[in-house]
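Worth knowing before you read on, the calculation uses all heavy atoms, side chains too, and leaves out hydrogens, waters and symmetry mates. Chain naming here is simple, since letters A, B, ... match the order of the sequence lines and numbering starts at 1 in each.
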Amino acid sequence: MEPRDAAGLRGCAAGLRWSPAGRPAGRQCVAANGAMKKLISQAIREALHTLEAGHPGFDADAVDFQVTPPTRRDHGDWATNAAMIASGLLEVRDRRGLAEMLAAALRFPEGTVERVEVAGPGFLNFFVDDRWYQHLVGRIVAADQSYGRLTAGDGQSVLAEFVSANPTGPLTVGHGRNAILGDVLARLYEWAGYTVTREYYFNNAGRQMRVLGESVRARYLAQLGRPAEFPEDGYQGEYIVDIAAALRAEHGEGVADASLDLFRSAAERAIFQDIRVTCERLGIRFDSFFNEQSLYDDGSIDAVVAALRAQDLAYDQDGAVWFRSTACGLDRDVVIIKSSGEPTYRLPDMAYHRQKLRRGFNHLVDVFGADHIDTCQEVLAAVRALGDSTDRVHVVIYQFVTLQRGGQVVKMSTRKANFETLDDLVEEVGADAVRYFFAMRSPRSHLEFDLDLAKKRANDNPMYYVQYAHARISSLLAKPEAAELQPTPLDLAALEHEAERHLVTTLALLPETLQRALAEHEPHRLTTYAAEVATAFHAFYDRCPVLAAPDRRIGRARLELTRAAGIVLRNILRMIGVAAPESM
RNA sequence: GUCCUGGUAGCUCAGGGGAUAGAGCGCCUGCCUGCGGAGCAGGAGGUCGCAGGUUCAAAUCCUGCCCAGGACGCCA
């Protein structure tokens, strides 16, 4: 925890002197992570409390103000709407006057906030002392790989369930988006101190798998020249033919009369192996594969039905068992056990979610395609009805993906033989591009994946733009001249160019960015931020010579700033899961 | 027909109560005898789908409508 007391913060200001080694002379006091925003927020809160005395009935803690980086440079480094929000609660009409009062009540330690201005309709604009930012450069370098680390997790556990495709065929491009969203979120949780279990839920029983086995058997028999009827709704993909060929290579004609189960399980093994390989190519490893069957075996499924019945939330009609979801506020009741006696997919899903909660995880993350929205609500409604809170279940719904090549939409049809698999995509554009591009858009937005752009080794490609910045930094730091600058005493006060300041202020936002990406479950904030850092660095690089700086003092400080930028880029790229190359 | 997501620059998309709405690409103009020009600086380009409403303040929240995609099955 950051020290809250003013004494701790004053100690920080005193720590602005630097030793030649580039480490703080005193103890590191205010942690680099989001410290300034927190400092300002606390100061505002305390200032609001001073208003309570003159305004009976005013609750300073009820003011839900925000502290945000303003869009315009001349509005300072941070801004707050606190006075305007408070004026509403106080029914004060002179909002600027209130803002003035609030500003006058603000107290900041030396070397943190230099000045506060009242502007516009009643904003408070905070101008951070240059020394604080200069200090930050040193803190970033000192923190290195842990700069931006969050502490929210504090040993809690998270179960991230994603991909979860049944082993009936290769992963599709759509699964790719699912996989990347899930894995990036898992990385964020880990980075915040959570213990994360990546789980893949699957079902290897049921009709789909039966049809799969029949499809393989038909191909196998056909290859032997025997009469074989291909199932009407069979899987037509080329991979089925490959699996059949593998069986023929292994057994010859020996399994021609074998049970369907042999074909089914051979297909499952082969397909799962492919899925695993595809995921590993993308840097994703699951900690566990959860078989739906186990929910039948251990009685969890029956228990859900019994519990629903006990609460009159399940009833029989037309030979089927229904979940009374209308009693939970949903639009319609749904079938959980078909008249054939087979459960619909919802029922095991309910049992699964219930069990995930009971396995003791503090948080659950589910990543689902847009077509699962309704289902998901039914499942969660049932879980709640059975007495488990779903407050800690975070469902990430993502919209579909389209591929584009040469300006044309690439048709994708899962049932047909001819479709672009996730593996094809990785093959074509590389794992890094797949990860970056899938992480790049808001999950809620349709994602158009431009294959040509993803392959380009040019600045059109946002990933290359970011990676190039990192490579440029690495290259610069590796120069002999950089080593010669190292012994020069570090004086970060030499950083005063506008481009330098803009770069540091951007670097300062890493913790804030990570925190929001995690809290909102929005990985695209990472790529957006990475591009901003790269832009700020390139601008700095262009205007502020480092190795050829006017003097060694400036050069040394810029070298440190360059190092800090490299650290931020590397840390953010690691969250996205793509390489931070030394050279390209 | 009901429900869910989107609709922001020519294109792909950020922003999602706050000040003069942003980025990349594309287009136009400049910048290499200097650390990677895979870069930088500048310019043109917008009724934030439409119409109402709430608010001191709406691209953002609410309602209706229009488009696009998805879901509405005893498929998963």
Just the table, please: protein N/O against nucleotides 9-13 of chain B N/O, every pair under 3.5 Å.
residue: U12(B); atom: O2'; partner: Arg441(A); partner atom: NH2; Å: 2.9
residue: C13(B); atom: OP1; partner: His446(A); partner atom: O; Å: 3.3
residue: C13(B); atom: OP1; partner: Glu448(A); partner atom: N; Å: 3.0
residue: C13(B); atom: O2'; partner: Arg441(A); partner atom: NH1; Å: 2.7

Task: Whole-Å gap separating C1' (G36(B)) and CE (Met584(A)) - done: 11 Å

Open item on the list: Nearest to the side chain of Pro70(A), heavy atoms from C-beta on, is which of A19(B), G34(B), A14(B)?
Closed with: A19(B)

Task: Nucleic acid contacts - residues 84-92 of chain A versus RNA chain B, non-hydrogen atoms under 4.0 Å - done: Met84(A), Ile85(A)

TODO: Using atom CG of Leu569(A) as one end and atom P of A38(B) as the other, report the distance to the nearest whole Å.
DONE: 18 Å

- [ ] Would you tell me if any nitrogen or oxygen in the side chain of Arg444(A) comes within less than 4.0 Å of OP1 or OP2 on G6(B)?
- [x] yes

- [ ] Would you please name every residue forming a side-chain hydrogen bond (donor to acceptor under 3.5 Å, both in side chains) with Asp302(A), sequence neighbours left out?
- [x] none

Open item on the list: Less than 4.0 angstrom between a side-chain N/O of Tyr465(A) and OP1 or OP2 of C40(B), yes or no?
Closed with: yes

- [ ] Please name all residues satisfying side-chain hydrogen bond (donor to acceptor under 3.5 Å, both in side chains) with Arg435(A), sequence neighbours left out, ordered by chain then number.
- [x] Asp183(A)

TODO: Convert the base pairs of RNA chain B into dot-bracket notation, remembering that pairs crossing earlier ones are written with [ ] and that bases paired across to another strand are shown as |; include only Watson-Crick or G-U pairs under 3.5 Å.
DONE: (((((((..((((....[...)))).(((((.......))))).....(((((..]....))))))))))))....

- [ ] Assess the side chains of Thr535(A) and Tyr465(A): does a donor N or O sit below 3.5 Å from an acceptor N or O?
- [x] yes

Task: Proximal nucleotide (of C40(B), G15(B), A38(B)) relative to the Ala539(A) side chain - done: C40(B)

TODO: On the 0 to 90° scale, with breaks at 30° and 60°, tag the His372(A)-Phe368(A) ring pair as parallel, tilted or perpendicular.
DONE: parallel

Task: Closest non-hydrogen atom pair, Ala79(A) against Asn125(A) - done: CB-OD1, 3.4 Å

Open item on the list: Looking at Lys456(A), I'd like to know whether one of its side-chain N or O atoms comes within less than 4.0 Å of OP1 or OP2 on C25(B).
Closed with: no

TODO: For Ala119(A), report the nucleic acid contact type (base, sugar-phosphate, nothing); a contact means any heavy atom under 4.0 Å.
DONE: base

TODO: Tell me whether the OP1 or OP2 atom of A41(B) has a side-chain N or O from His538(A) closer than 4.0 Å.
DONE: no

What's touching nucleotides 29-31 of chain B from the protein side, N or O pairs under 3.5 Å?
none

- [ ] Quick one: label Ala471(A) by what it contacts on the DNA or RNA (base, sugar-phosphate, nothing), any heavy atom closer than 4.0 Å.
- [x] base

Open item on the list: By the 4.0 Å heavy-atom rule, please label Pro545(A) as base, sugar-phosphate, or nothing.
Closed with: base

Would you tabulate the pairs of protein nitrogen or oxygen atoms and nucleotide nitrogen or oxygen atoms of nucleotides 21-23 of chain B closer than 3.5 angstrom?
none

- [ ] Tell me whether C62(B) sits syn or anti, counting syn as a glycosidic angle within 90° of 0.
- [x] anti

Task: All side-chain hydrogen bond (donor to acceptor under 3.5 Å, both in side chains) counterparts of Asp333(A), not counting sequence neighbours - done: Tyr315(A), Thr326(A)

Task: Contacts of Tyr541(A) that satisfy side-chain hydrogen bond (donor to acceptor under 3.5 Å, both in side chains) - sequence neighbours left out - done: none

- [ ] Indicate yes or no: at least one non-hydrogen side-chain atom of Thr505(A) is less than 4.5 angstrom from one of Leu509(A).
- [x] no

Open item on the list: Once salt bridge (charged side-chain N to carboxylate O under 4.0 Å, His left out) is applied, do any residues pair with Arg177(A), and if so which ones, sequence neighbours excluded?
Closed with: none

Task: Phe286(A)-Phe202(A) aromatic ring centre distance below 6.0 Å - done: no

Task: Touch class at under 4.0 angstrom, heavy-atom based, for Asp452(A) against every strand present - done: nothing

Task: Closest nucleotide among C35(B), C4(B), A19(B) to the Leu547(A) side chain - done: C35(B)

Open item on the list: With rounding to the closest Å, how many angstrom separate the P atoms on C28(B) and U33(B)?
Closed with: 24 Å

TODO: Assign Ala469(A) to base, sugar-phosphate, or nothing according to its heavy-atom contacts below 4.0 angstrom with the strands shown.
DONE: nothing

Open item on the list: Expressed as a whole number of angstroms, how long is the span from Tyr541(A):OH to A41(B):P?
Closed with: 14 Å

Open item on the list: Base contacts versus sugar-phosphate-only contacts with protein, heavy atoms under 4.0 Å: please encode nucleotides 71-76 of chain B as B, S and - from 5' to 3'.
Closed with: SS-BSB

Task: For Arg457(A), all residues meeting salt bridge (charged side-chain N to carboxylate O under 4.0 Å, His left out), sequence neighbours excluded - done: none

